[in-house]
Amino acid sequence: MKQVRIGLVGYNFMGRAHSNAYRQVPFFFPELPAQPVMQVLCGRTKERTRAAAAQFGWPEAVFSVNELLTREDIDLVDITAPNNQHAELVIRAAEAGKHVFCEKPLATSLKDARAALKAVQKAGVIHMICHNYRRAPAVSLAKRMIDDGLIGQVYHWRALYLQDWLMSPETPMMWRVQKRIAGSGSLGDLMAHSIDLALWLVGDIDRVSCDMETFIKKRPKLETFDTGLGGKAKAGAPMGKVDVDDGVIALARFKNGAMGTFEATRFAAGHKNSNIFEINGSKGSLRFDLERMNELEYYNTAEGDVTGFRVIQATEDSHPYMGLPGGGPRYWPVAHILGYEHTFINTVADLMTAVAKKKVPWPNLEDGVKTQAVLEACDTSAREGKWAKVPKI
Ligand code: SOE
C-alpha cells in the first residue's frame, strides 16, 4: 500500500476539515491504492499550531513553510492558509517537488493563478484545488444525470450562495474583508464555489455582467492578525476600511448558449450556508440545496401529466461515492445521511488515487485558473459597469 505523506499549512476551519478527511479516508475508502499519512502541521503561531496538531492528530508541528518544504518525508503539501498565500505556496511547493492540494480561490488575481498553474505543470506534480461541493453525492449525481442526457440541452443555470455571518457592524476587520489578503469578498469566497459548479455542470462561461456592494464600509480593527472566522475588537477600537464586496450578483452567458445567474452574499439574514443551484434543460430540471445536501430534485418532462419535481435521496449504493466496489454501502445504509465533512473525505479519496496513479485529478489548478478568470471578469464588469468577456486562461 502506497502512502502519501502530507504536510498541511493552516489549522483553522479548512485545516480542520482537511485534517478530519485524512483521518476518515482509510476507514471509508479501504480499497484506495494510496492512503494519507498525516505527517506535519505547519502554522505561524507556535502555541496554536501545537494545540491544533495535538487535537487533529498531526504528530509533529513546524512553524515555517521553509522547514516544511525542505523535508524529504513530505510528498504532498496541502494549503489552507489565507487566500493571498495560496499561489505563492503552490509555487514554492511545486518547486520543491511536492504534490499540491490547494483551497479555493487559487489566488487573489488571475496573473497569480496562472503562475501557480505554470509552476505545477513545469514541476510535473499532481495538483488539485479544493472545491469540495462537487463531491457531495447529490451534486456528483447531477453531473452524471446531465452527462447521461437526462435533462437535455441546458437553457438556464441559477445559483445562490447565501450566508449572513457578516451582518453585524461589530464584526471586526478580519482578513476575509481585506482585499489585500482575501482578494475579494463574497465573490471569491462564495461565488467561486458556484462558478466552479457551473463550469463543471454546464460548461465554459463566455461573458458576465456583474454588480457588487459593500454594505458596511468600516469595521473595528483587531489588535492581532485574525486567521479564522471570528475575533472581537476591543471597545473603542479604531475603524478600518472594508474594501471587498459584501454581496455580488452576476448574469452570465455560457459558450454553449445557456444563460446563467449568480448571487452570493454574506448579508442574507437567516441563510447560514445556502448553496443552491437549479438547472433547466430541454428534457427536465435539477435542483440542489446544500442545507438538504442528501437530496437532489429532478423534474422530467417526459412523464406527461403525472410529472412533478421528485426528491431523489442520493444515498443509494449506486450513487456516486456511496457504494463499495464489491457492493454494499461505503458509508451507512441508504438514507442514513451524510454531512458536510463527507464532501472533503470524498475529495481526499480521489486525491489519493490521483497521486498513486500519477494522474492529475479534477478540479485541478487549470480549473482553478478558469474560475479565477470568471472572478476577474466579474470584477472588471462591476468596476466598468458593462459586460466583460472572460479572459482566456
Ligand atoms: C466562509 O464564508 C466559508 O467557510 C467559505 O470560505 C467556504 O469556502 C464555504 O464553503 C463555506 O463558507
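In this text the structure is predicted, and so the values were computed from the model without any measurement.
- Nearest heavy atoms, L222 versus A233: CD2-N, 3.9 Å.
- In this structure, K283 and L150 approach most closely via the heavy-atom pair CB-O, 3.6 Å.
- A heavy-atom distance below 4.5 Å is found between the side chains of D196 and P363.
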Practice task
Please test T261 against W157 for side-chain hydrogen bond (donor to acceptor under 3.5 Å, both in side chains), starting from the C-alpha separation and ending with a verdict.
Solution key: CA-CA 6 Å; T261 64; W157 163 266; over 6 Å; no
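- Few gaps surround NZ on K217; more than 12 heavy atoms of other groups in view lie less than 6.0 Å from it.
- Within the 3.5 Å criterion, the main-chain N or O of G281 finds no donor-acceptor partner in the side chain of S285.
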Problem - CA sep, side-chain torsions, deciding dist, call: D243, Q178, side-chain hydrogen bond (donor to acceptor under 3.5 Å, both in side chains) - result: CA-CA 6 Å; D243 53 2; Q178 298 176 48; over 6 Å; no
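- Among all heavy-atom pairs drawn from A237 and P220, the shortest one is CB-CB, 4.3 Å.
- Taking the ring-ring contact (aromatic ring centres under 6.0 Å, His included) definition, one finds that Y321 meets it with nothing, sequence neighbours left out.
- By the 4.5 Å heavy-atom criterion applied to side chains, I279 and Y155 are not counted as neighbours.
- Here the NE2 atom belonging to H319 is positioned 11.5 Å from the CG atom belonging to N294, to the nearest 0.5 angstrom.
- Residues F56 and L8 form no side-chain contact, since every pair of their non-hydrogen atoms from C-beta on lies 4.5 Å or further apart.
- A centroid separation of less than 6.0 Å is found between the aromatic rings of F101 and H18.
- Think of L110 as one node in a network of Ile, Leu, Val, Met, Phe, Trp and Tyr side chains linked at under 4.5 Å; its network also takes in V9, V40, V62, V65, L68, L69, I74, V77, I79, L89, V90, V100, L106, L117, V120, V125, I129, L365, V369, I393.
- Atoms OH and OG1, from Y133 and T347 in turn, are 10.5 Å apart once rounded to the nearest 0.5 Å.
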Handout entry: Full working for salt bridge (Lys or Arg N to Asp or Glu O under 4.0 Å) between D75 and R5
Key = CA-CA 5 Å; D75 304 308; R5 296 162 302 177; 2.9 Å; yes
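- Seen from the ring of F29, R330 counts as a face-on cation partner, given the 6.0 Å and 45° thresholds.
- A centroid separation of less than 6.0 Å is found between the aromatic rings of H131 and H193.
- When all heavy atoms of P361 and H127 are compared, the closest pair comes out as CD-O, 3.4 Å.
- Figure legend: R287 and Y298 shown without cation-pi pairing, the cationic atom not lying both under 6.0 angstrom from the six-membered ring centre and within 45 degrees of its axis.
- For the residue pair D164/H271, the side-chain donor-acceptor check at 3.5 Å is not satisfied.
- Judged purely by distance below 3.5 Å, without hydrogens or angles, the side chains of T171 and W165 never pair a donor atom with an acceptor atom.
- Taking the ring centroids of F28 and W332, they lie under the 6.0 Å cut-off.
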Practice task
In sequence, state the C-alpha distance, the side-chain angles, and the governing distance for Y331 and H336, and then conclude on ring-ring contact (aromatic ring centres under 6.0 Å, His included).
Solution key: CA-CA 8 Å; Y331 288 104; H336 292 67; over 10 Å; no
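- Applying the 6.0 Å contact sphere to CD of Q3 captures no more than 12 heavy atoms from other residues, nucleotides or ligands.
- Using modelled atom types, no side-chain atom of S274 and backbone atom of Y161 make a donor-acceptor pair closer than 3.5 Å.
- Counting all heavy atoms, side chain and backbone alike, F344 lies closest to C130 at CE2-SG, 3.8 Å.
- Between R71 and E67 there is no salt bridge, since none of the side-chain N atoms of the basic residue sits less than 4.0 Å from a carboxylate O of the acidic one.
- Heavy atoms of other residues, nucleotides or ligands lying less than 6.0 angstrom from CE of M167 number more than 12.
- Using a 4.0 Å cut-off between charged nitrogen and carboxylate oxygen, R292 and E295 count as a salt-bridge pair.
- In this structure, D246 contributes its side chain and E213 its backbone to no donor-acceptor pair below 3.5 Å.
- Looking at N273 and E291, their side chains never bring a donor and an acceptor atom within 3.5 Å of each other.
- The side-chain heavy atoms of P36 and M352, taken from C-beta on, include a pair separated by under 4.5 Å.
- Considering every non-hydrogen atom in both P320 and L141, the closest pair reads CG-N, 3.7 Å.
- The shortest side-chain heavy-atom distance between N12 and T80 does not fall under the 4.5 Å cut-off.
- When each of K104, R134, M128 is tested with D367 by the rule side-chain contact (heavy atoms from CB on, under 4.5 Å), just one qualifies, namely R134.
- Dense packing is recorded around CZ of R207, with more than 12 heavy atoms of other residues, nucleotides or ligands lying under 6.0 Å away.
- Within 6.0 Å of CD on E384 lie more than 12 heavy atoms contributed by other residues, nucleotides or ligands.
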Practice task
Would you sort out whether Y299 and N280 count as a side-chain hydrogen bond (donor to acceptor under 3.5 Å, both in side chains), showing the intermediate values?
Solution key: CA-CA 9 Å; Y299 180 97; N280 311 120; over 6 Å; no
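- Note that CG of L338 is 9.5 Å distant from OG1 of T343, once rounded to the nearest 0.5 Å.
- Look at R266 and D189 and you find a salt bridge, because one of the NZ, NE, NH1 or NH2 atoms lies within 4.0 Å of a carboxylate O, short of that distance.
- Counting heavy atoms from C-beta outward, T49 and F63 have side chains that approach closer than 4.5 Å.
- Ion pairing between E223 and K234 holds under the 4.0 Å rule for side-chain N and carboxylate O.
- Placement of M1 and V4 in two distinct hydrophobic clusters is found when ILVMFWY residues are connected by side-chain heavy-atom separations under 4.5 Å, directly or transitively.
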Problem - Verdict with reasoning, R92 to E88, per salt bridge (Lys or Arg N to Asp or Glu O under 4.0 Å) - result: CA-CA 6 Å; R92 288 176 65 187; E88 188 198 329; 3.7 Å; yes
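- Because its NZ or CZ atom is both nearer than 6.0 Å to the ring centre of W362 and within 45° of the ring axis, R135 counts as a cation-pi partner of that residue.
- Contact of the L166 side chain with the V177 side chain is registered, since non-hydrogen atoms from C-beta on lie closer than 4.5 Å.
- Crowding of E170 atom CD: a count of heavy atoms from other residues, nucleotides or ligands under 6.0 Å not exceeding 12.
- Partners of D245 according to the salt bridge (Lys or Arg N to Asp or Glu O under 4.0 Å) rule, which considers only residues two or more places apart in sequence or in another chain, do not exist here.
- A 4.5 Å side-chain heavy-atom check between M212 and R383 finds every atom pair outside the cut-off.
- No side-chain donor-acceptor contact under 3.5 Å links E341 and N20.
- Under the 3.5 Å distance criterion, the side-chain polar atoms of T45 are left unmatched by any main-chain donor or acceptor of R48.
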